[in-house]
2 protein chains.
Amino acid sequence: MNSKDAVICLAALANDQRLAIFRLLVKAGPSGLSAGEIAEAVGATPTGGSFHLKELDRAGLIHATRVGRYIRYAVHFEKMRQLLSFLTEDCCQGQPELCGSTIRKARRLCKGEAK
Amino acid sequence: MNSKDAVICLAALANDQRLAIFRLLVKAGPSGLSAGEIAEAVGATPTGGSFHLKELDRAGLIHATRVGRYIRYAVHFEKMRQLLSFLTEDCCQGQPELCGSTIRKARRLCKGEAK
DNA sequence: TACACAATACGACAATTATTGAAATGTGCA
DNA sequence: TGCACATTTCAATAATTGTCGTATTGTGTA
């Protein structure tokens, strides 16, 4: 994760509907949800939902898998962990032991996602 | 922290220079840095630096304190923790024990900042 | 093959955000 | 008081982003 990546991720999350989508998928876990379910849940039109999913996908925060005629989206948890770590990197030089260990723990968020 | 707040925070971070500023201040810790030091460190003009600092301040991610003729900015760590928690809320319903406890630990990031 | 449905792609318009330079505000010090 | 410095404010312009409707692609099923 570099600064450019992080900005893309943050911009992807910095939108009402996309944030709702992301949080919905965080809750849904590794199995994800279909584009239609997602759009309906956050009150987006199919076109709008697709646009926002594409943005999140482009940022690498979610990934798509076609299943029959549905496309399921799920959070890319490793990327999420990388983003959180990037934001808190070297937090408070004064207490490096504390911040360092907390970041390592943050990396283990949602062990349900392999890799 | 609600969705609207979070979007404002994320939009504030979704910019190259502002992200650099934020990470610089995360490293600097509770004592922060002056506007001039910050602008110089990230290669911003005084005007540009001021604009970006204002955005981060408006989002509540940093706060300003006048010290003589300098203005020092420091991260509002509690807000940062709230944002990270909001993003990972109810992470992976499948393993609530894991995500829940990890989030509690994330709240303790950088104990150097009281409350 | 032909139809129905899930989802995306495209083009146009509206709205928001970033950048720049010049001017103004506030503070410390001689 | 008056000067020097740190920082912000303002106004204008350029660039990016969101939204909407229509058309298109891809898949499953009769």
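Chain letters run A, B, ... following the sequence lines, proteins first, then strands; residues in each count from 1.
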Think [X] has a side-chain N or O under 4.0 angstrom from the OP1 or OP2 of [N]?
X       : N      : value
A/Tyr73 : C/dT8  : yes
B/Arg66 : C/dG26 : no
B/Arg18 : C/dA18 : yes
B/Ser50 : D/dT9  : no
B/Thr45 : C/dG21 : no
B/His52 : C/dT19 : yes

Inset, instruction - Please answer: with hydrophobic residues joined when any side-chain heavy atoms are less than 4.5 Å apart, are B/Ile8 and B/Ile62 in the same cluster? - result: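 No, B/Ile8 does not connect to B/Ile62 through the hydrophobic network.
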Inset, instruction - Classify the nucleic acid contact of A/Gly48 as base, sugar-phosphate or nothing, counting any heavy atom under 4.0 Å across all strands shown. - result: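 Contact class for A/Gly48: none.
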Inset, instruction - Rounded off to whole Å, could you give me the CG-to-C1' distance for the B/Leu53 and D/dT7 pair? - result: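 Atom CG in B/Leu53 sits about 10 Å away from atom C1' in D/dT7.
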Legend entry - A/Asn15 CG to D/dT16 P, straight-line distance once rounded to whole Å: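 To the nearest whole Å, that distance equals 18 Å.
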Legend entry - Residue met sooner reading DNA chain C from 5', once B/Gly68 and A/Arg72 are mapped to nucleotides: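 Whichever sits nearer the 5' end wins; that is A/Arg72.
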Legend entry - Note, A/Glu37 side chain near A/Arg72 side chain (heavy atom, < 4.5 Å):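 Yes, their side chains come closer than 4.5 Å.
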Inset, instruction - Taking the side chain as every heavy atom from C-beta outward, state whether A/Leu33 and A/Leu24 have any pair of such atoms under 4.5 Å apart. - result: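 Sidechains of A/Leu24 and A/Leu33: in contact.
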